[in-house]
Amino acid sequence: QVHFEESGGGLVQPGGSLRLSCTASILNVHIIGWFRRAPGKGREAVSCINSGGSTTYADSVKGRFTISRDNVKNMVYLQMSSLKPEDTAIYYCAPGCTVASLVGYDSWGQGTAVNVSS
């Protein structure tokens with residue numbers, strides 16, 4: 001299975017911005033998605049992008065987050081703006097758009113922590 005490494009997280013105040021980066025272990029992954037897991041909650045889908053550039057977003061992040069990919073560099077990004085405390089979570093990237101589609105996927109990485117707090 002493909003493996004990913006996430007980076008770019010950190011501590012930011014509400015209203016601030018961060019850009020997360022994801023590097024894939026192989027080239028030309030068709031679908032790459034960002035997921036997050038907050039304390040006490042299950043993993044949830046945030047956004048995904050396919051090889052044609054089509055994107056999806058969770059309702060909670062629409063208008064604030066933007067996903068993009070650079071196929072030459074084998075990377076995917078998540079630009080996060082107007083961050084809210086409820087965005088606090090560990091963020092992961094994986095080869096899918098939904099949690100259900102990733103049943104059986106056993107290569108979740110360590111993720112990158114985003115902490116939105118004053």
**Q** On a heavy-atom basis, which atom in Ile67 and which in Ser47 lie closest, and how many Å separate them?
**A**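 Result for this residue pair: CG2-OG, 3.2 Å.
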**Q** Taking atom CD of Gln110 as the centre, does the number of heavy atoms from other residues, nucleotides or ligands within less than 6.0 Å exceed 12?
**A**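 Counting neighbours around CD of Gln110, 12 or fewer heavy atoms of other residues, nucleotides or ligands fall under 6.0 Å, so no.
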**Q** State yes or no: do Tyr105 and Ile31 share one hydrophobic cluster built from I, L, V, M, F, W and Y residues joined by side-chain heavy-atom distances below 4.5 Å, directly or via other members?
**A**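 No, Tyr105 does not connect to Ile31 through the hydrophobic network.
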**Q** In chain order, what residues pass the side-chain hydrogen bond (donor to acceptor under 3.5 Å, both in side chains) check against Glu44, with sequence neighbours excluded?
**A**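 side-chain hydrogen bond (donor to acceptor under 3.5 Å, both in side chains) check on Glu44 returns Arg36.
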**Q** Could you measure the distance from the CZ atom of Arg69 to the SG atom of Cys48? Nearest 0.5 Å is fine.
**A**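 Those atoms lie 10.0 Å apart.
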**Q** With sequence neighbours left out, which residue pairs that include part of residues 11-46 fulfil the disulfide bond (SG atoms under 2.5 Å apart) condition?
**A**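 Sorted result for residues 11-46: Cys22-Cys93.
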**Q** Tell me whether Ile32 is reachable from Leu102 by hopping between hydrophobic residues (I, L, V, M, F, W, Y) whose side-chain heavy atoms are closer than 4.5 Å.
**A**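 Both belong to a single hydrophobic cluster.
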**Q** Who pairs with Arg19 by salt bridge (charged side-chain N to carboxylate O under 4.0 Å, His left out), at least two apart in sequence or on another chain?
**A**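 Arg19: no salt bridge (charged side-chain N to carboxylate O under 4.0 Å, His left out) contacts found.
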**Q** Kindly write out the residues that satisfy salt bridge (charged side-chain N to carboxylate O under 4.0 Å, His left out) with Lys41, not counting sequence neighbours, or none if the list is empty.
**A**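 For Lys41 there are no salt bridge (charged side-chain N to carboxylate O under 4.0 Å, His left out) partners, ignoring immediate neighbours.
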**Q** Could you state the interatomic distance from CZ (Phe35) to CG (Leu78), rounded to the nearest 0.5 Å?
**A**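 That separation rounds to 12.0 Å.
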**Q** Using a strict threshold of under 4.0 Å (side-chain N to carboxylate O), is an ion pair present between Lys84 and Asp87?
**A**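 Salt bridge between Asp87 and Lys84, a charged N being under 4.0 Å from a carboxylate O: no.
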**Q** Please identify each residue that fulfils side-chain hydrogen bond (donor to acceptor under 3.5 Å, both in side chains) with Ser51, with sequence neighbours left out.
**A**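 side-chain hydrogen bond (donor to acceptor under 3.5 Å, both in side chains) check on Ser51 returns His30.
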**Q** Between Thr55 (side chain only) and Ile49 (backbone N and O only), is there a donor and an acceptor less than 3.5 Å apart?
**A**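 A pair under 3.5 Å: no.
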**Q** Which class fits the ring pair Phe65 and Tyr91: parallel under 30°, tilted 30 to 60°, perpendicular over 60°?
**A**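 Because their plane-to-plane angle lies in the 30° to 60° range, the rings of Phe65 and Tyr91 count as tilted.
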**Q** Taking the side chain as every heavy atom from C-beta outward, state whether Glu6 and Trp34 have any atom pair closer than 4.5 Å.
**A**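 Contact flag for Glu6/Trp34 side chains = yes.
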**Q** By the rule that ILVMFWY residues connect when side-chain heavy atoms come within less than 4.5 angstrom, directly or transitively, which residues belong alongside Met75?
**A**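 Other cluster members: Tyr77.
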**Q** Is the backbone N or O of Ile26 less than 3.5 Å from a side-chain atom of Asn74, with the two atoms forming a donor-acceptor pair by type?
**A**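 Judged by distance alone, yes, a pair lies under 3.5 Å.
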